[in-house]
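Shown next, in structure tokens, is the structure this report addresses.
If you read the sequence from its start, that first residue is 1, and numbering goes on from there.
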Amino acid sequence: MLQNLETVAVEAKAWPFEQARNLLAHVLKKRLADGDRSQAATLIAAGKTDQALEQFEALRRPVILETGYGPSGLPHMGTFGEVARTTMVRNAFRALTGDYWPTRLIAFSDDMDGLRKVPEGIPNPDMLAEDLHKPLTVVRDPFGTHDSFGAHNNARLRAFLDGFGFEYEFLSSTEQYRSGRFDQALLTLLDRFDAVQAIMLPTLGPERRETYSPFLPVSPATGHVLQVPTLSRDVTAGTITFDDPGAGTTTLPVTGGHVKLQWKPDWAMRWTALDVDYEMSGKDLIESVRESSKVCRALGGTPPEGFNYELFLDVEGRKISKSKGNGLTMEQWLRYGTPESLSWYMFQSPKSAKSLHFNVIPRAIDDYLAAIEAYKTQEPAKQIDNAVWSIHSGAPPTHTSPVSFALLLNLVGVANASNKAQLWAYFARYLPEATPETEPLLDQLMERALNYYEDFVKPTKSYRLPNEQERTALLDLAERLKALPEGTTDGELIQGEVYAVGKAHGFEPLRGWFGALYEVLLGASQGPRFGSFAAIYGLGQTVALIESGANGELAG
């Protein structure tokens, strides 16, 4: 752990620390009077969080960060991104304020929503069709493994989050409504019904305004979550009256799980009831955040701090849509890349639109590996701004992979490898002490490199013939490598010969020489550090490869 962590965190420039400082200001403003707030901020900025907490009892209440999940479908890339990024802010807040200020991360499931349509690709769709409009925790489980469809998807969510090692508390909307946790906030909304309507109605179309109510009663007759007008309300009794299509005029209490709220008032009510301090959301929800914040204030709550992240784009720059299937799923990323590389990608510029496609994975893996190496020699102020600090909660690994993913991809292609055993055979000479047990990340990257090469690289390989200058240089390089001591595995020594040949044959700039190596020998426009590649592939095999390329045999 860094020395003087709180002091360094105050000056950190990485976005999680910017968010953490905003969160700190929000919490101080929310919990303290003006004079106390200034004094507390001074103590915390000086790294004296313990003194601030001792002096101001109001600060001791846990800081609540929340993420939301709609369990009508399975967890996806957006679910991961939101929890990962919120965790990064939480880690930064802990670093900023020390270990004395408790934090909680709530993963909230909106599982009391009514099932509006039958999801595609789900078994037993007829059964789901029969249960349409019922709360997700009442809809029967089409997989036959849990008490309800909501419970099934909640279990998948928790397994998903647990698989990545996230630290969180799971809360079910259904359980919170039924347990009475939300009762007081619901009664407050009933009392301030007109104020909430005044906020929501201007945001709706004329027809919707005629029937809109923030309360969605659960029909005692059909079990459906009803979108019906509230005909009357009794604040003293805590009830609403509405027209139930299945039973006529009906009166229900707004407490105890008999109703739920429309999602924007629901979001606001949840912020109030759970005392949420921080929640981020996508750029597409900016207006929803604004409206829900107004409702939250109308309920007497304080809207949480947060920020809006940009949405991902496909390879053609279009917004990703689950219905169009133009995105990248979690399963697909993890077939080709590591969880850490995905966290790395989520860390980068969250307020900028980025492509989320297969072609970003190799770069993300190697950038992550490079950041780990850079972290080792950085001063504390640089370490805390390094993405790997946020990814690994301030304790990144000291060892990763001895070679890049790009190198492995090229090794797979040149060696025509189809399994990890073939790749490990090359490393037996280059890293004789390495095994899958001693180099677990390398072993994982081999598996992913085999997958990625087969699915994306192999179909696009395109070798070209060398021109006369390149052919002469390639043959010269082959002769120089033959002159090196037999069994040489010194990548730097080999790289030195590659540079010397490029200079001797007049390549200016030298990247033209390296481009020729990649295009003629590897069938790609880019490649790994050639010396390291040759050291692993073996001098003899590399010389044979170079001679084949020089003679035009690879492009045939």
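- Both tests pass for Arg270 against the ring of Phe108: distance under 6.0 Å to the centre and angle within 45° of the axis.
- At least one side-chain heavy atom of Phe164 sits under 4.5 Å from a side-chain heavy atom of Met330.
- Counting only heavy atoms from C-beta outward, the side chains of Ile372 and Tyr368 approach each other to under 4.5 Å.
- For the residue pair Asn154/Ser109, the side-chain donor-acceptor check at 3.5 Å is satisfied.
- Side-chain N/O atoms of Ser393 and Asn91 include a donor and acceptor closer than 3.5 Å.
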| query | Going through the distances and angles, do Arg233 and Phe215 end up as a side-chain contact (heavy atoms from CB on, under 4.5 Å)? | reply | CA-CA 11 Å; Arg233 54 195 172 91; Phe215 292 106; over 6 Å; no
| query | side chain to side chain donor-acceptor pair (under 3.5 Å) between Ser343 and Glu340: does it pass, once the steps are laid out? | reply | CA-CA 5 Å; Ser343 293; Glu340 294 81 9; over 6 Å; no
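- Residue pairs meeting the side-chain hydrogen bond (donor to acceptor under 3.5 Å, both in side chains) criterion with at least one member in residues 16-29, sequence neighbours excluded: Gln19-Tyr278.
- Tyr336 and Asp455 share a side-chain donor-acceptor pair at under 3.5 Å.
- Judged by distance alone, the side chains of Ser352 and Ser349 never bring a donor and an acceptor atom under 3.5 Å apart.
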| query | Would Trp271 and Ser293 count as a side chain to side chain donor-acceptor pair (under 3.5 Å) if you check the C-alpha gap in whole Å, the side-chain angles of each, and the deciding distance to 0.1 Å? | reply | CA-CA 9 Å; Trp271 289 342; Ser293 294; over 6 Å; no
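- The salt bridge (Lys or Arg N to Asp or Glu O under 4.0 Å) search around Glu175 returns none, not counting sequence neighbours.
- Between the side chains of Thr329 and Gln332, at least one donor N or O sits under 3.5 Å from an acceptor N or O.
- In terms of modelled atom types and a separation under 3.5 Å, the side chain of Ser341 and the main chain of Thr338 share a donor-acceptor contact.
- Minimum interatomic distance between Ala273 and Ala185 (heavy atoms only, all atoms of both residues): CB-CB, 4.1 Å.
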Do any side-chain atoms of residues 300-311 form donor-acceptor pairs under 3.5 angstrom with protein atoms, and if so which ones, sequence neighbours left out?
residue	atom	partner	partner atom	Å
Asn308	ND2	Ser281	OG	3.1
Asn308	ND2	Gly282	O	3.3
Tyr309	OH	Glu82	OE1	2.5
Glu310	OE2	Lys283	NZ	2.9

| CA sep, side-chain torsions, deciding dist, call: Asp141, Thr145, side chain to side chain donor-acceptor pair (under 3.5 Å) | CA-CA 7 Å; Asp141 180 17; Thr145 59; 3.1 Å; yes
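- Trp263 and Ser292 are not linked by any side-chain donor-acceptor pair at a separation below 3.5 angstrom, with hydrogens and angles left out of the test.
- A donor and an acceptor atom, one from each side chain of Asp111 and Thr137, are nowhere located under 3.5 Å apart.
- The pair Lys382-Asp385 does not meet the salt-bridge criterion, since no charged nitrogen lies less than 4.0 angstrom from a carboxylate oxygen.
- Between Trp344 and Ala364, the shortest heavy-atom distance links the atoms CD1-O, 3.7 Å.
- Here the CG-CD distance, from Leu32 to Glu57, works out to 11.5 Å after rounding to the nearest 0.5 Å.
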| Going through the checks in order, is the side chain to side chain donor-acceptor pair (under 3.5 Å) test met by Thr86 and Thr67? | CA-CA 8 Å; Thr86 304; Thr67 64; 5.8 Å; no
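- There is no side-chain donor-acceptor pair under 3.5 Å between Arg209 and Gln197.
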